[in-house]
Amino acid sequence: MEIIKAKNLKDALKLRTEKKFPILAGGTDILVQMRASRNFPKGMICISGVRELKKISLKNNKIEIGAGATHSEVALNKLVQKYLPALTDACKTVGARQIQNRGTIGGNVMNASPAGDTLPVLLAFDAEVVLQSVRGKRIVPFTKFYKGYRSIDARSDEILTAIIIKKPAPKTHAVFMKIGTRRAQAISKVCACFVRAGDKFAIAYGSVAATPVRCKRVEEFLNGKKISAAIVAEALELLNEDIQPIEDIRSSAEYRSHVSKVLLDRFQRILATF
Ligand SMILES: Cc1cc2nc3c(=O)[nH]c(=O)nc-3n(C[C@H](O)[C@H](O)[C@H](O)COP(=O)(O)OP(=O)(O)OC[C@H]3O[C@@H](n4cnc5c(N)ncnc54)[C@H](O)[C@@H]3O)c2cc1C
């Protein structure tokens, strides 16, 4: 197999068009999948040395996270810690330290597993993804990016270059939660991100449907309300309309449905402490 190391972004985009090889970022998903399927491409374009893809910056009230930033780099970044602590927490739960040092946030997004831990956070914060090719740049809202199970709005010559998130308003409270079989090296049975900004709520879950999902019914019900145990008890009834838990080797649909409710209830208890 031919592994071509891109020197910079321009080089990576050119190679993607000319060679049509898949992108190799940290390799923590694609190499595992290739090995399991015994389906090997003729080559891969390695982007781990492309510095432009590692930048994390704040410009015009928007936080831009380079797709090539590893989970460790995102988690340790001061801007992310200050404005998006829920993303810090999500990155810290991906695999264990070795995986966090190799795996990238862009790989998590493009791999499109419904269990990807950063995805509910990006979805709850209305992130946008920046896709680039030699033809130009496209910006796609995260809410429209996942079309179905592992199906994304990306073209074969494109590279995900960055993820953009609007700087959250002051007094935004956000929490990331994950339930797995243990704390490290466990893929989520259920993960979720809950955000309260003023009297508006954003709630997103992972591992409870074919794609990460925003809980619009529950959000609409909670918006404008002073959250309490009684209100959340009512919201829990609506949750099943937003999620369609899947059954797989990691968990039953029934368990996922139950745990999703437990997490929403836990969010209400956490909010009460702010
Ligand atoms: C032991 C182990 C534990 C894990 N635990 C977790 C976990 O707890 N939570 C979790 O969410 N994930 C987990 N993962 C999965 C994986 O580590 C993450 O999804 C990681 O973020 C993938 O990033 P990567 O850079 O390694 O992607 P790669 O494997 O390099 O790429 C993944 C896919 O995305 C494409 N791609 C990558 N970057 C780009 C780009 N910039 N533009 C276009 N296409 C791109 C690749 O072509 C490939 O199809 C685990 C994996 C392992 C092996």
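As the structure lists them, so they are numbered: ligands from 1, and atoms in each ligand from 1.
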Closer than 4.0 angstrom: is that true for some heavy atom of Met44 and an atom of ligand 1?
no
Provide, to 0.1 Å, the distance between atom 7 (C) of ligand 1 and the closest protein heavy atom, together with that atom's residue and name.
Gly95 N, 3.3 Å
One pair to check against side chain to side chain donor-acceptor pair (under 3.5 Å): Ser72 and Asn101. What are the steps and the verdict?
CA-CA 5 Å; Ser72 297; Asn101 287 345; 2.5 Å; yes
Is the backbone N or O of Val218 less than 3.5 Å from a side-chain atom of Asp242, with the two atoms forming a donor-acceptor pair by type?
yes
Going by the atom numbers of ligand 1, which of them fall below 4.0 Å from some non-hydrogen atom of Gly103?
23 (O), 24 (P), 25 (O), 26 (O)
Check this for me - ligand 1, Gly106, N or O atoms closer than 3.5 angstrom, yes or no?
no
Could you pull out the closest heavy-atom pair between Ile30 and Met44, with the gap in Å?
CD1-SD, 4.1 Å
Check this for me: does any side-chain nitrogen of one of Glu219 and Arg214 sit under 4.0 Å from a carboxylate oxygen of the other?
yes
Taking both backbone and side-chain atoms of Thr118, is any N or O found less than 3.5 Å from an N or O belonging to ligand 1?
no
Name the closest protein heavy atom to atom 42 (N) of ligand 1, giving the residue it belongs to and the distance to 0.1 Å.
Leu160 N, 2.8 Å
Distance to 0.1 Å, residue and atom name: give those for the protein heavy atom nearest to atom 14 (N) of ligand 1.
Ile187 CD1, 4.0 Å
Taking only heavy atoms of Asn111, which atoms of ligand 1 are found under 4.0 Å from at least one of them?
34 (O)
Glu158 to ligand 1: N or O pair under 3.5 Å?
no
What do you reckon, does Met110 have a nitrogen or oxygen under 3.5 Å from a nitrogen or oxygen of ligand 1?
no
Ring-face cation of Lys189 near Tyr255 (centre distance under 6.0 Å, axis angle within 45°):
yes
List ligand 1 atoms under 4.0 Å from Asn108, heavy atoms only on the residue side.
10 (C), 11 (O), 12 (N), 18 (C), 19 (O), 21 (O), 22 (C), 23 (O)
Relative to atom 27 (O) of ligand 1, which among Ala96, Cys46, Gly107 owns the nearest non-hydrogen atom?
Gly107
Any N/O pair Ala25/ligand 1 closer than 3.5 Å:
yes
Between Lys5 and Cys46 (side chain of the first, backbone of the second, donor and acceptor by atom type, cut-off under 3.5 Å), is there such a pair?
no
If we ignore angles and hydrogens, is there a donor and acceptor under 3.5 Å between the side chains of Gln132 and Thr161?
yes
Should Lys178 be listed as contacting ligand 1, given a heavy-atom distance under 4.0 Å as the test?
yes
Given 3.5 Å as the limit, does a donor-acceptor pair link the side chain of Glu158 with the main chain of Arg155, or not?
yes
Would you mind checking if Arg102 and Asp29 are paired as a salt bridge, meaning a charged N to carboxylate O distance below 4.0 Å?
no
Measure the distance from atom 51 (C) of ligand 1 to every protein heavy atom, then report the residue, atom name and distance (to 0.1 Å) of the closest one.
Thr28 O, 3.7 Å
Could you see if Leu263 belongs to whatever hydrophobic cluster contains Ile203? Use Ile, Leu, Val, Met, Phe, Trp, Tyr and a side-chain cutoff under 4.5 Å.
yes
Looking only at protein heavy atoms, which one is nearest to atom 3 (C) of ligand 1, and how far off is it?
Gln185 OE1, 3.4 Å
Ranking Leu53, Ile99, Ile30, Ile152 by closest non-hydrogen atom to atom 31 (O) of ligand 1, top hit is Ile30
For Asp126 and Thr143, test the side chains for any donor-to-acceptor distance below 3.5 angstrom and give the result as yes or no.
no
Give me the nearest non-hydrogen protein atom to atom 47 (O) of ligand 1 as residue plus atom name, then the distance to 0.1 Å.
Ile23 O, 2.6 Å
Ligand 1 atoms in contact with Thr104 (distance to a heavy atom under 4.0 Å)
20 (C), 21 (O), 23 (O), 24 (P), 25 (O)
Filtering Gly27, Ala12, Gly68 for the heavy atom nearest atom 28 (P) of ligand 1 leaves Gly27
So if I count the atoms of ligand 1 from 1 in the order they appear, which ones are less than 4.0 Å from some heavy atom of Ile47?
41 (N)
Show your working on side chain to side chain donor-acceptor pair (under 3.5 Å) between Thr118 and Asn108 and close with a plain yes or no.
CA-CA 7 Å; Thr118 66; Asn108 206 224; 2.7 Å; yes
Salt bridge check, Asp89 against Lys178: does any charged N sit closer than 4.0 Å to a carboxylate O?
no
Heavy atom under 4.0 Å from ligand 1: found in Thr93's side chain, backbone, both, or neither?
backbone
Measure from NZ or CZ of Lys225 to the centre of the six-membered ring of Phe221 and say whether it is under 6.0 Å with the direction within 45° of the ring axis.
yes
Step-by-step ring-ring contact (aromatic ring centres under 6.0 Å, His included) determination, Phe267 to Phe176
CA-CA 9 Å; Phe267 172 57; Phe176 170 77; over 10 Å; no
Going by heavy atoms, is Ala186 under 4.0 Å from ligand 1?
yes
Using a strict cut-off of 4.0 Å, indicate which atoms of ligand 1 neighbour a heavy atom of His71.
20 (C), 21 (O)
Please report which non-hydrogen protein atom sits nearest to atom 18 (C) of ligand 1, along with the residue it belongs to and the distance in Å to one decimal place.
Asp29 OD2, 3.3 Å
Please report whether ligand 1 has a polar contact with Gly26, defined as an N or O pair separated by less than 3.5 Å (distance criterion only).
yes
Positive for side-chain contact (heavy atoms from CB on, under 4.5 Å) with Leu58, one of Glu64, Lys82, Lys167
Lys167
Considering heavy atoms of the protein only, find what lies nearest to atom 11 (O) of ligand 1 and give residue, atom and distance to 0.1 Å.
Asp117 N, 2.8 Å
Contact atoms of ligand 1, heavy-atom distance to Gly116 under 4.0 Å:
11 (O)
